[in-house]
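Everything on this sheet refers to the single structure shown next.
We count ligands from 1, going down the list as the structure has it; atoms in each ligand are counted the same way. Along the sequence shown, residues carry numbers from 1.
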Amino acid sequence: MTYDFSKKKFTFGLWTVGNTGADPFGGDVRAKKSPADLVYLLGEVGAYGVNFHDNDLIPIDATPAETESTKSAFKKALQDTGLVVPMATTNLFFDPIFKDGAFTANDPKVRAYALQKTMNAIDLGVEMGAKLYVFWGGREGTESDATKDPVTAIKRNREGLNFLCEYVLAQGYDLRFALEAKPNEPRGNMYNAVTGNMLAFIETLDHADMVGVNPEVAHEHMAGLNFTHQVAQALEAGKLWHIDLNDQAFGRYDQDFRFGTVNLKSAFFLVKLLEDYHYSHPLHFDAHAFRTEDYDGVKEFARGCMRTYMILAEKAEQFRQDSEIQALLAEINAEDEQMSAFFGAYTSEKAAALRAHNFDRKAIAAHGLQYEKLDQLTNELLLGVR
Ligand code: GLT
Ligand code: MN
Ligand code: MN
């Protein structure tokens with residue numbers, strides 16, 4: 001089957017298809033490609049957009065001449081392919097200066113440099129058309145809590161984000177922020193470890209309305225959580241402005257596998273949630289090809305991410321159309337008029353009526369819910385036999 005990828009805003013980071021396969025135990029297995037060449041590769045596979053860290057595009061030590069030629073080659077590639085840049089971000093984790101974090105580092109010079117680097121990176125992102133700016137606190141954490149007061153770290157993080165929101169407003173940029181959580185790796189323990197932490201933290205910011213979240217499948221799985229539930233909370237709060245799709249076996253290191261590689265069923269429930277609620281922001285695949293692959297394998301990887309999403313979206317539609325499944329759902333969710341009188345806004349009359357009502361606890365509990373049947377129907381639908 002062929003799928004029309006242009007129906008979705010599928011995006012990839014320069015660091016994803018540009019990943020050269022190095023890991024802590026071995027070096028590069030693929031030759032490094034230029035940012036422009038990666039845009040052409042993404043054009044070839046049918047992606048909608050490309051995202052980058054400042055230093056994916058412009059190396060940290062680039063001369064002004066190198067900067068200009070890289071930017072113009074990149075802009076030309078965007079024009080030639082029709083790809084857009086919906087999101088940009090700052091690399092605040094690779095350079096040795098960030099060994100103790102960026103906004104939360106103990107050294108004030110590092111914290112100030114992190115702000116300066118991010119202001120410059122925001123300018124670069126906006127120049128390329130980005131409307132969303134991601135903050136992944138790669139090294140915002142500790143190995144030992146002897147080294148940093150966690151309350152101070154939260155305050156430093158807040159101060160940094162407040163400053164940068166003001167910067168965006170002062171420049172008149174049309175740009176919003178999205179915070180991305182991860183529980184550990186590369187630091188032993190990272191602050192704001194999961195999306196729920198981020199949602200709570202956002203509400204303490206001066207410009208909370210400018211800040212949403214960018215949850216990543218692998219990161220919540222590393223924490224042992226149900227990703228779909230994390231995403232649902234962000235969605236319900238109106239804060240799901242970006243998403244990092246990939247896959248990850250529970251309990252492992254940060255694997256960043258192709259979307260759907262490991263947990264197909266949870267990928268299905270995630271896609272179903274996004275489709276049911278008409279999520280319309282970019283679907284970013286923050287993943288990379290297996291280390292065994294050459295660039296043909298990288299293209300297979302990229303197409304595979306998008307195909308799996310489209311296939312699961314089709315399955316979600318099939319779930320909505322399946323009369324047996326829908327009949328079960330209708331039964332499970334049936335309202336009870338007598339009970340409806342007790343719900344909604346509190347009144348003392350309602351409370352009195354509720355207190356007076358006699359519940360047949362045993363009869364209610366004795367009723368089977370048919371969830372076994374519903375889940376098996378879901379499995380059979382996913383396995384292609386319905
Ligand atoms: C890095 C990390 C990702 C983040 C990227 C944005 S960089 O690859 O593992 O999850 O989204 O900074
Ligand atoms: Mn990510
Ligand atoms: Mn990751």
As a test of reading the structure, name the N/O/S atom of Glu180 that is nearest the Mn ion (ligand 2).
OE2
List the atom pairs, donor and acceptor, that lie under 3.5 Å between side-chain atoms in residues 335-345 and the rest of the protein, sequence neighbours left out.
residue : atom : partner : partner atom : Å
Asp336  : OD1  : Gln338  : N            : 3.0
Asp336  : OD1  : Met339  : N            : 3.3
Ser340  : OG   : Asp336  : O            : 3.1

Would you call Ile332 and Gln370 a side-chain contact if the rule is heavy atoms closer than 4.5 Å?
no
Is the positively charged end of Lys315 above the ring of Phe268, judged by distance under 6.0 angstrom from the centroid and angle within 45° of the axis?
no
Which residue, Tyr133, Phe74, Trp15, forms the ring pair (Phe, Tyr, Trp, His ring centres under 6.0 Å) with Phe52?
Phe74
I'd like to know if Ile122 and Leu57 are part of one continuous hydrophobic network [Ile/Leu/Val/Met/Phe/Trp/Tyr, side-chain heavy atoms within less than 4.5 Å].
no
Test: Arg386 and Glu324 ion pair at under 4.0 Å:
yes
Do Lys75 and Glu127 sit within salt-bridge range, that is, some charged N less than 4.0 Å from a carboxylate O?
yes
Tally of protein N/O/S atoms under 2.8 Å from the Mn ion (ligand 3)?
3
Does a side-chain N-to-carboxylate-O contact under 4.0 Å join Lys265 and Asp375?
yes
Could you check ligand 1 for N or O atoms lying under 3.5 Å from protein N or O atoms and list the pairs with distances?
residue  : atom   : partner : partner atom : Å
ligand 1 : 8 (O)  : Trp15   : NE1          : 3.3
ligand 1 : 10 (O) : Glu180  : OE2          : 2.8
ligand 1 : 10 (O) : Glu216  : OE1          : 2.7
ligand 1 : 10 (O) : His219  : NE2          : 3.3
ligand 1 : 10 (O) : Asp286  : OD2          : 2.9
ligand 1 : 11 (O) : Glu180  : OE1          : 2.6
ligand 1 : 11 (O) : Glu180  : OE2          : 2.8
ligand 1 : 11 (O) : Asp244  : OD2          : 3.1
ligand 1 : 11 (O) : Asp286  : OD2          : 2.8
ligand 1 : 12 (O) : His53   : NE2          : 2.7

Please enumerate all residues that pass side chain to side chain contact (heavy atoms under 4.5 Å, CB included) together with Lys350, with sequence neighbours excluded.
Thr347
Same hydrophobic cluster for Leu245 and Leu225, using side-chain heavy-atom links shorter than 4.5 Å among ILVMFWY?
no
